[in-house]
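A quick write-up on the structure given underneath.
Just so you know, these numbers come straight off a predicted model, no measurement behind them.
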Amino acid sequence: MPTVILVRHGRSTANADGVLAGWSPGVALDDTGRAQATVLAARLAALPLAAVVSSPLQRCQETLRPLLDTRPELPSHTDERIGECHYGDWTGRKLGELAGEPLWKTVQQHPSAAVFPGEEGESLRAMQARAVDAVRDWNARIEAEHGPDALYLMCSHGDIIKSLAADALGMHLDLFQRISTDPCSVTVIRYTPHRPFLLRLGDTGDLTPLIPPPPRDNGKDGQQDTADASDASASDDHSGDAVVGGSTGAP
């Protein structure tokens, strides 16, 4: 199954001001965020992306702009299911102020029980469920259109990406606050028929090791060449099994 590259949007004006933006309109990248987005496009330049999927929120759309400007051939889609959590009455408030709310401890220590107040408030469980459903649906679509080794990108938000990483690791949602994703960082999950593999978490470095290897040639009898078969036995690039002793890394 495909590999999804999860990008948290670059630093926003709300991040810089310590405000919980949620679905507030008009929250843009600040100068630092725009610079991060430019660097991100360069980091992704070598990767054969099949498609880009984004949260509808402005800060995610702006994060992808430099990438799409340099690679206009990339199919681009929007999916509300990877939009920010609906924080209800907490939306637009200062994080320092929210830390004094009784619900804050629940969000930190027992997030699976957290439901944000107000008519538009969402539970963190519902947020995770819609995000996981979105990734699974896009995995199936990308594989059908581009094959099982395809790479595609999703630009989303911190809590969404943390919850997807927790799901990939088989962690209960109550543990997801142990995960951290900085603005414009990259988290990468490779899905297989049996389990996901977390390849990057909050990464800000070189992404070229994510380039899929070339297709292996088969012999006349349909079997792999000896060298290819040897490589396949030592590699976890296409297998649903983990490499005993650890991955050999990029060639």
Side-chain angles (χ1 to χ4, degrees), residues 1-12 21-29 33-34 36-86 122 126-165 167-168 181 183-193 196-200 202-203 207 210-212:
M1 297 180 71
T3 297
V4 59
I5 299 170
L6 300 167
V7 174
R8 186 185 173 197
H9 61 79
R11 195 177 80 167
S12 70
W23 284 71
S24 299
V27 176
L29 299 185
R34 286 189 288 272
Q36 290 170 337
T38 299
V39 172
L40 174 70
R43 293 174 64 208
L44 295 167
L47 301 188
L49 298 175
V52 169
V53 185
S54 179
S55 158
L57 294 172
Q58 179 177 340
R59 52 196 182 273
C60 288
Q61 303 282 335
E62 290 183 356
T63 299
L64 292 176
R65 189 168 298 156
L67 173 66
L68 295 174
D69 284 347
T70 56
R71 299 173 69 174
E73 77 285 355
L74 275 178
S76 179
H77 311 274
T78 298
D79 192 327
E80 290 198 357
R81 294 176 297 176
I82 59 168
E84 182 64 281
C85 185
H86 293 275
E122 182 179 30
M127 177 204 73
Q128 183 186 45
R130 63 174 164 84
V132 170
D133 284 348
V135 169
R136 296 292 183 175
D137 288 348
W138 280 102
N139 283 350
R141 176 172 172 175
I142 295 295
E143 180 172 11
E145 295 178 0
H146 302 280
D149 293 330
L151 296 171
Y152 73 104
L153 183 148
M154 280 188 164
C155 187
S156 188
H157 306 267
D159 279 348
I160 293 283
I161 293 171
K162 287 163 57 177
S163 73
L164 289 169
D167 174 75
T181 57
C184 234
S185 64
V186 170
T187 295
V188 183
I189 303 171
R190 178 169 63 82
Y191 288 86
T192 79
F197 289 86
L198 185 65
L199 305 184
R200 296 284 192 281
D203 188 279
L207 298 175
L210 297 173
I211 298 173

Q: Decide yes or no on side-chain contact (heavy atoms from CB on, under 4.5 Å) for Phe197 and Val188, but give the supporting numbers first.
A: CA-CA 8 Å; Phe197 289 86; Val188 183; over 6 Å; no
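- Minimum heavy-atom separation, Asp159 to Met127: O-CE, 3.4 Å.
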Under 3.5 Å, side-chain donor or acceptor atoms of residues 37-51 against the rest of the protein: list the pairs with distances, not counting sequence neighbours.
from  : atom 1 : to     : atom 2 : distance (Å)
Thr38 : OG1    : Arg34  : O      : 3.2
Arg43 : NE     : Gly205 : O      : 2.9
Arg43 : NH2    : Asp203 : O      : 3.3
Arg43 : NH2    : Asp203 : OD1    : 3.2
Arg43 : NH2    : Gly205 : O      : 2.8

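- His157 NE2 to Arg8 CZ: the interatomic distance, rounded to the nearest 0.5 Å, is 9.5 Å.
- Partners of His86 by ring pair (Phe, Tyr, Trp, His ring centres under 6.0 Å), not counting sequence neighbours, listed by chain and number: Trp23.
- With rounding to the nearest 0.5 Å, the separation of CZ in Arg71 from OG in Ser76 is 12.5 Å.
- At a threshold of 4.0 Å, the pair Arg136-Asp133 does not count as salt-bridged, since none of the basic side-chain nitrogens sits closer than that to a carboxylate oxygen.
- Once rounded to the nearest 0.5 Å, the distance linking OG of Ser156 with CZ of Arg59 reads 9.5 Å.
- Ser54 contributes atom OG, which lies 4.5 Å from atom CG of Leu64 (distance to the nearest 0.5 angstrom).
- Distance alone, capped at 3.5 Å, is enough to place a donor-acceptor pair between the Gln128 side chain and the Ser163 backbone.
- Pairs of residues two or more places apart, or lying in two chains, that qualify as ring pair (Phe, Tyr, Trp, His ring centres under 6.0 Å) and include a residue from residues 38-78 are His77-Trp138.
- Within 6.0 Å of the CD atom in Glu80, the count of heavy atoms belonging to other residues, nucleotides or ligands does not exceed 12.
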**Q.** Criterion side-chain contact (heavy atoms from CB on, under 4.5 Å) on Tyr191 and Val4, from CA distance to verdict
**A.** CA-CA 8 Å; Tyr191 288 86; Val4 59; 3.6 Å; yes
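- The CD atom of Gln58 lies 8.0 Å from the CG atom of Leu29; values are rounded to the nearest 0.5 Å.
- Within the 3.5 Å criterion, the main-chain N or O of Leu6 finds no donor-acceptor partner in the side chain of Arg200.
- A distance of 9.5 Å separates CG of Leu67 from SG of Cys155, quoted to the nearest 0.5 Å.
- Of the possible donor and acceptor atoms, one in the side chain of Thr63 sits under 3.5 Å from a partner among the backbone N and O of Gly10.
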